[in-house]
Amino acid sequence: MAETAPVLVNHRPFEPNPILSLHSTDSSIIKPHDSIAVVDDVEIPTVDYFMLFSDDLDERSKALEYIGHVCKDFGFFYLVNHGISDSVFEGVFKGISDFFNPTEIESRKQYEKKNPTDRIRWGLRSSPGENREYLKIIAHPQYHCPTKPAGFSESMEDYFKGLREVVQGLGKAVSKALGFEECYIEKAFKLGTGFDVSAMNLYPPNFRSKGSIGVPDHTDPGFLVSLIQDVNGGLQVFSNDGNCINVNMPTNAIFINLGDHLEILTNGKYKSHVHRVVVDNNKVKRISVATLHGPSLDAFVSPAPEFVDDSHPPAYRGMTYKQSLQANGSDEIDVQSSIEQIRL
Ligand SMILES: O=C(O)CCC(=O)C(=O)O
Ligand SMILES: [Fe+2]
């Protein structure tokens with residue numbers, strides 16, 4: 001696939017990062033709403049997508065080994081060289097900004113929750129527990145999107161087309177990193193008909209928040225979540241060692257966070273990580289697009305036999321993706337984690 005060798009980004013074996021603890025007395029710490037230290041400038045690993053498919057076998061196997069380390073020892077990473085062009089990113093942020101036009105809030109109310117099978121859903125949360133305006137759409141296997149404003153649906157569709165290729169590619173790479181044939185994840189999750197829901201978020205809603213929480217602590221269901229944003233400022237992720245890290249990503253990189261169903265399939269070898277959004281005194285206006293790439297709704301997901309033995313008994317109940325999305329009483333389009341209900 002690769003014609004020329006792209007630059008290797010942060011391509012080195014994983015070592016526990018001493019900065020995580022060193023920075024705990026740094027002035028970059030903010031304590032938004034609890035006593036957990038929040039650390040800035042901490043290196044979140046960067047994975048070069050292009051490298052995962054390099055024609056140079058040595059490069060490719062190093063890249064696959066690296067993504068395996070990253071999935072196991074971090075659970076999240078910045079994805080660069082993913083092939084989605086800057087102009088697609090521009091179209092997405094312009095389209096969402098136009099959609100969230102503050103003078104047209106009334107017309108967005110047509111997408112407020114009506115029934116459990118909604119394919120498009122809009123909401124405005126303005127409370128101490130959550131502060132954002134959002135639009136959720138089902139992006140795959142059938143694509144749904146509001147037709148107005150002009151160009152919005154087309155821009156989002158361009159992005160989702162690119163994203164699906166990337167996610168299918170990551171499915172192959174993660175399968176190989178786990179030591180399996182490249183279609184392992186694809187088959188286990190039936191990714192060809194994978195259920196993808198995208199949440200487009202605006203913080204703070206109505207220019208003001210009621211408190212510092214944009215989105216409270218949570219994990220997301222699915223294979224993985226891809227997240228893009230127009231500016232840094234707000235997303236925080238909890239590391240394996242319990243540190244809360246500010247996500248400051250390179251322009252037009254994609255932040256990838258592993259989802260609950262990869263944790264279930266691998267019987268806890270790869271974990272989904274808690275994250276949240278803070279709205280720091282309304283200083284930053286931020287748009288994000290978090291797309292939850294799930295298995296097919298009818299895919300039965302349980303700990304795979306390859307990850308189960310006497311010392312690793314199954315730690316999660318098996319069920320279809322659809323059942324798991326409903327296990328906590330929410331609708332499919334809510335895509336709320338139910339890992340606590342699924343854990344044995
Ligand atoms: O807006 C963000 O940065 C994250 C949103 C999020 O975590 C979600 O929608 O699941
Ligand atoms: Fe999330």
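Start at 1 and go down the list; that is how both ligands and their atoms are numbered.
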Atoms of ligand 1 less than 4.0 Å from [X] heavy atoms?
X: N201; answer: 1 (O), 5 (C), 9 (O)
X: D220; answer: 10 (O)
X: H275; answer: 7 (O)
X: V277; answer: 1 (O), 2 (C), 3 (O), 4 (C)
X: A290; answer: 8 (C), 9 (O)

Test: [X] and [Y] ion pair at under 4.0 Å:
X: E263; Y: R343; result: yes
X: R121; Y: D118; result: yes
X: K176; Y: E181; result: no

Within less than 4.0 angstrom of ligand 1, does R132 place any heavy atom?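 Distance cut 4.0 Å: R132 passes for ligand 1.
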
The atom name of the N, O or S atom in H218 nearest to the Fe ion (ligand 2) is NE2

**Minimum-distance N/O/S atom that D220 presents toward the Fe ion (ligand 2)** =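 Distance check against the Fe ion (ligand 2) picks out OD2 in D220.
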
Euclidean distance, [Y] [atom2] relative to [X] [atom1], rounded to 0.5 Å:
X: D48; Y: F53; atom1: CG; atom2: CZ; value: 11.0 Å
X: I185; Y: E182; atom1: CD1; atom2: CD; value: 12.0 Å
X: D55; Y: R60; atom1: CG; atom2: CZ; value: 7.0 Å

Structural part of [X] in contact with ligand 1, heavy atom criterion under 4.0 angstrom:
X: V247; value: neither
X: L227; value: side chain
X: Y203; value: side chain

The protein heavy atom nearest to atom 3 (O) of ligand 1 is R286 NH2, 2.7 Å

When distances are taken from atom 10 (O) of ligand 1, the protein heavy atom at minimum range is H218 NE2, 3.1 Å

Tell me whether the NZ or CZ atom of K136 lies within the 45° cone about the ring axis of Y134 and under 6.0 Å from its centre. yes

I'd like to know whether CD of E154 has more than 12 heavy-atom contacts from other residues, nucleotides or ligands below 6.0 angstrom.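 Enclosed: over 12 neighbouring heavy atoms sit under 6.0 Å from CD of E154.
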
Hey, is CG on D310 packed in by over 12 heavy atoms from elsewhere, all under 6.0 Å?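 No, the 6.0 Å shell around CG holds no more than 12 heavy atoms from other groups.
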
